[in-house]
Amino acid sequence: MALETRLKAVVIDDEPAARDDLRRLLAAHADVVIVGEAGRLAAAEELLRAADYDLVLLDVELRGGTGFELLPHVRPEARTIFVTAHSQYAVRAFEINALDYLVKPIAPARLEAALRRVVAGAVDSPPPSGSLIPTDLVHLKTGNGTTRFVALADITDIESEENYSAVHLGSGMRLLVRRTLRSWEDALPAAQFVRVHRTTIVNLARYRGSLRQTEQTTLLQLDGRADPVRASFRYLPELRARLSALGREL
């Protein structure tokens, strides 16, 4: 395969045999050169900080941690292709978040397709609208550069902050991500998530009860959320309908 652009690649995998396989497969692509390899988290961090690279081939499971822990150290302009030997559950997480991935053992044709996507700039694009189901994982990139997968079931609510949104988790954690509330609304499963305020979407699976504050607002109690969430009068009819479909009452 001839690429339009020469790629400098870094390979991170804690299995020497897996690195050997990738090295052998990449040797068939004259326009890809491996500029570094690492098998442990500390060595990988140092490599990602020091090397000059365009592409990272990153194993998901590493000794002592996961490949996701290394993502904050990847150069912003570089692309990442995940490598996994794990379940379809993990593979779906990559697919619905439009993150490229390779499943071990890696097929040469699949590697070629992934490399073409990198050159075309198709990796790390936003997830397609309406793609999520309640059991999915969603990939979040936070404002401080960290990245992680979060189960939709762990989200209590999402609040708009201009071009950003604050994702609240049942653990009490708050993640600020660069994504609009409308984008969330288009992608989230409608049976589970509903807008209750101009600035807020809640997870109905976390709903525990409500308290009327005024004629215009109602406070919603959510499992895992210390403070109640405000629902405005405008959105109450839709909220009632969604709760009723779940056999619940407002």
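Distance check: Arg195 CZ to Ser232 OG gives 9.5 Å after rounding to the nearest 0.5 Å. With values rounded to the nearest 0.5 angstrom, Tyr235 atom OH is found 14.5 Å from Thr217 atom OG1. Taken to the nearest 0.5 Å, the OH atom of Tyr53 stands 4.5 Å off from the CG atom of Leu48. With rounding to the nearest 0.5 Å, the separation of CZ in Arg92 from CD1 in Ile133 is 4.0 Å. Residue Gln216 holds its CD atom at 9.0 Å from CG of Leu236, rounded to the nearest 0.5 Å. To the nearest 0.5 angstrom, Leu181 atom CG is 7.0 Å from Thr200 atom OG1.
Val167 places none of its side-chain heavy atoms less than 4.5 Å from the side chain of Arg179. Between Arg148 and Met173 there is a side-chain heavy-atom pair separated by less than 4.5 Å. With contacts defined as side-chain heavy-atom distances shorter than 4.5 Å, the pair Glu185/Ile201 qualifies. Side chains of Leu26 and Leu111 form a contact here, defined as non-hydrogen atoms less than 4.5 Å apart. Counting heavy atoms from C-beta outward, Pro134 and Leu152 have side chains that stay 4.5 Å or more apart. With contacts defined as side-chain heavy-atom distances shorter than 4.5 Å, the pair Val196/Tyr207 does not qualify. Under the 4.5 Å side-chain criterion, counting only non-hydrogen atoms from C-beta, Val83 is not in contact with Ile12. Contact of the Ile158 side chain with the Leu188 side chain is registered, since non-hydrogen atoms from C-beta on lie closer than 4.5 Å.
Pairing each heavy atom of Ala18 with each of Lys104, the nearest pair is CB-NZ, 4.0 Å. Considering all non-hydrogen atoms of both residues, Ala38 and Arg19 come closest at O-CD, 3.9 Å. The heavy-atom pair separating Ser210 from Gln221 by the smallest distance is N-OE1, 4.4 Å. Nearest heavy atom pair, residue Gly224 against residue Thr156, reads C-CG2, 4.1 Å. Considering every non-hydrogen atom in both Gln192 and Ala153, the closest pair reads NE2-CA, 4.3 Å. Across all non-hydrogen atoms, the minimal contact from Leu250 to Leu220 is CD1-CD2, 3.9 Å.
For Arg75 and Asp52, the salt-bridge test passes: some basic side-chain N is under 4.0 Å from an acidic carboxylate O. Salt bridge annotation for Arg24-Asp20: absent, with no cationic side-chain nitrogen under 4.0 angstrom from a carboxylate oxygen. With respect to Asp223 and Arg208, a salt bridge is recorded, a charged nitrogen being found less than 4.0 Å from a carboxylate O.
Of the residues Ile81, Val103, Thr84, Leu102, the one that meets the side chain to side chain contact (heavy atoms under 4.5 Å, CB included) test with Phe94 is Thr84. Looking at Arg198, Arg225, Arg230, Arg174 one by one, the single match for salt bridge (charged side-chain N to carboxylate O under 4.0 Å, His left out) with Glu159 turns out to be Arg225. Between Phe193 and the choices Leu132, Asn203, Asp157, the side chain to side chain contact (heavy atoms under 4.5 Å, CB included) rule is met once, by Asn203.
Judged by distance alone, with hydrogens and angles left aside, the side-chain atoms of Asp13 form a donor-acceptor pair with the main-chain N or O of Glu15 at under 3.5 Å. Between the side chain of Glu69 and the backbone N or O of Thr66, at least one donor-acceptor pair lies under 3.5 Å. At least one donor-acceptor pair closer than 3.5 Å links the side chain of Asp54 to the backbone N or O of Lys8.
Note on Leu47: it clusters hydrophobically with Val35, by side-chain heavy-atom contacts below 4.5 Å among ILVMFWY residues. Ile106 and Leu7 fall within the same hydrophobic cluster, where Ile, Leu, Val, Met, Phe, Trp and Tyr residues are linked whenever their side-chain heavy atoms come under 4.5 Å apart, directly or through other members. Under the 4.5 Å side-chain heavy-atom criterion for grouping Ile, Leu, Val, Met, Phe, Trp and Tyr, Leu99 is connected to Leu62 within one hydrophobic cluster. A continuous path of hydrophobic side-chain contacts links Val60 to Leu58 [ILVMFWY only; heavy atoms under 4.5 Å]. Placement of Leu243 and Val202 within a single hydrophobic cluster is found when ILVMFWY residues are connected by side-chain heavy-atom separations under 4.5 Å, directly or transitively.
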Intermediate values then yes/no, side-chain contact (heavy atoms from CB on, under 4.5 Å), Leu71 and Lys141: CA-CA 10 Å; Leu71 290 178; Lys141 291 183 178 180; over 6 Å; no
From CA spacing to verdict: side-chain contact (heavy atoms from CB on, under 4.5 Å), His197, Thr199: CA-CA 5 Å; His197 190 277; Thr199 62; 3.1 Å; yes
CA sep, side-chain torsions, deciding dist, call: Val11, Arg23, side-chain contact (heavy atoms from CB on, under 4.5 Å): CA-CA 8 Å; Val11 175; Arg23 196 183 307 113; over 6 Å; no
Steps toward side-chain contact (heavy atoms from CB on, under 4.5 Å) verdict (Val150, Ile155): CA-CA 8 Å; Val150 170; Ile155 297 175; 4.0 Å; yes
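Remark: Leu246 engages Leu204, Arg248 in a side-chain contact (heavy atoms from CB on, under 4.5 Å) (not counting sequence neighbours).
Ring-plane geometry between Phe149 and Phe82 is classed as tilted, the angle between the planes lying from 30 to 60 degrees on a 0 to 90 degree scale.
Counting non-hydrogen atoms of other residues, nucleotides and ligands closer than 6.0 Å to CD of Glu162 gives a total of 12 or fewer.
Geometric assessment of Arg110 against the ring of Tyr101 yields a positive cation-pi assignment under the 6.0 Å and 45° thresholds.
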